[in-house]
Visitor: 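Quick one: the structure is below, questions incoming.
Excluded from the calculations below are hydrogen atoms, water molecules and symmetry mates; all remaining heavy atoms, backbone and side chain alike, are included. Note that the structure is a prediction, hence the values are computed from the model and not measured.
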Amino acid sequence: MDAQYRKKTVSQYCWDCGETIRDKYLLYALDRYWHTACLKCSICRITLADAGTSCYTRAGLILCRDDYLRLFGREGECHACRETIPANEMVMKIQGLAYHLKCFICSRCHGALALGDKYQLWEGRLLCDRECLRLFRRSVNLPQRRAPKAPRVASVAKT
């Protein structure tokens with residue numbers, strides 16, 4: 001959830017302290033208005049305006065990103081390398097399986113996969129679209145695609 005700075009246009013009251021917000025700017029988060037100094041993390045009490053533009057809410061708490069991840073984030077295991085993925089690390093997911101960004105590669109050609117690339121899970125292995133097509137052709141005994149032969153050109157020779 002993003003806390004938004006809004007230019008004050010009418011009198012607003014701070015949800016935390018209840019006083020009129022007289023500042024030029026105020027925060028709007030969780031459908032309420034706040035003084036920038038009043039919107040704080042329920043755990044570490046850091047002023048969320050100083051911590052960035054994101055705030056999180058869960059179980060009646062307003063939280064900074066670090067405390068939200070510490071309390072509600074989950075560590076996981078990378079499906080490729082089987083090492084722990086910390087809760088605050090970015091991951092790639094496919095069918096509920098998580099991968100470190102560096103481990104999100106084709107298991108056959110070892111090419112890196114990125115957002116927008118086509119890929120498949122084939123018998124539990126991550127494959128780029130090209131390698132998946134090769135395996136599919138082999139499994140159904142389709143002939144491999146070959147490069148077209150150069151056309152033959154008739155030539156005239158003098159005798």
Visitor: In Å and rounded to the nearest 0.5 Å, what is the SG to CZ distance from C109 to R134?
Guide: 8.0 Å
Visitor: Of the non-hydrogen atoms in H79 and G124, which two are nearest, and what is the gap between them?
Guide: NE2-O, 3.2 Å
Visitor: What's the shortest heavy-atom distance between D117 and A112, and which atoms?
Guide: OD2-O, 3.9 Å
Visitor: Drop me the distance from D66's CG to Y56's OH, to the nearest 0.5 angstrom.
Guide: 9.0 Å
Visitor: If you round to the nearest 0.5 Å, how far is OG of S107 from CD of E131?
Guide: 8.0 Å
Visitor: Does any part of the side chain of K40, heavy atoms only, come nearer than 4.5 Å to the side chain of D16, both counted from C-beta?
Guide: no
Visitor: With sequence neighbours left out, what residues match T84 under side chain to side chain contact (heavy atoms under 4.5 Å, CB included)?
Guide: E75
Visitor: Testing the basics here: between C64 and I46, what is the closest heavy-atom pair and its distance to 0.1 Å?
Guide: CB-CG2, 4.1 Å
Visitor: Okay, side chain of S42, backbone of L63: is any donor-acceptor separation there less than 3.5 Å?
Guide: no
Visitor: Under 4.5 Å between side-chain heavy atoms, counting indirect links through other Ile/Leu/Val/Met/Phe/Trp/Tyr residues: same cluster for Y13 and I21 or not?
Guide: no
Visitor: Can you tell me how far apart NZ (K118) and CG (L133) are? Round to the nearest 0.5 Å.
Guide: 11.0 Å
Visitor: Taking transitive links into account, so neighbours of neighbours count too, which hydrophobic residues share a cluster with L101 at under 4.5 Å side-chain distance?
Guide: M90, M92, I94, L97, Y99, F104, L113, L115, Y119, L121, L126
Visitor: Is any side-chain heavy atom of W34 closer than 4.5 Å to one of I62?
Guide: yes
Visitor: For C41 and D67, work out which heavy atoms get closest and say how close.
Guide: SG-OD2, 3.1 Å
Visitor: Kindly give the heavy-atom pair with the smallest separation between E19 and H35, and that separation in Å.
Guide: O-CE1, 3.9 Å
Visitor: Using side-chain heavy atoms (C-beta onward) and a distance below 4.5 Å, is T47 in contact with T36?
Guide: no
Visitor: Give the minimum heavy-atom separation between C106 and C128, together with the two atoms involved.
Guide: SG-N, 3.4 Å
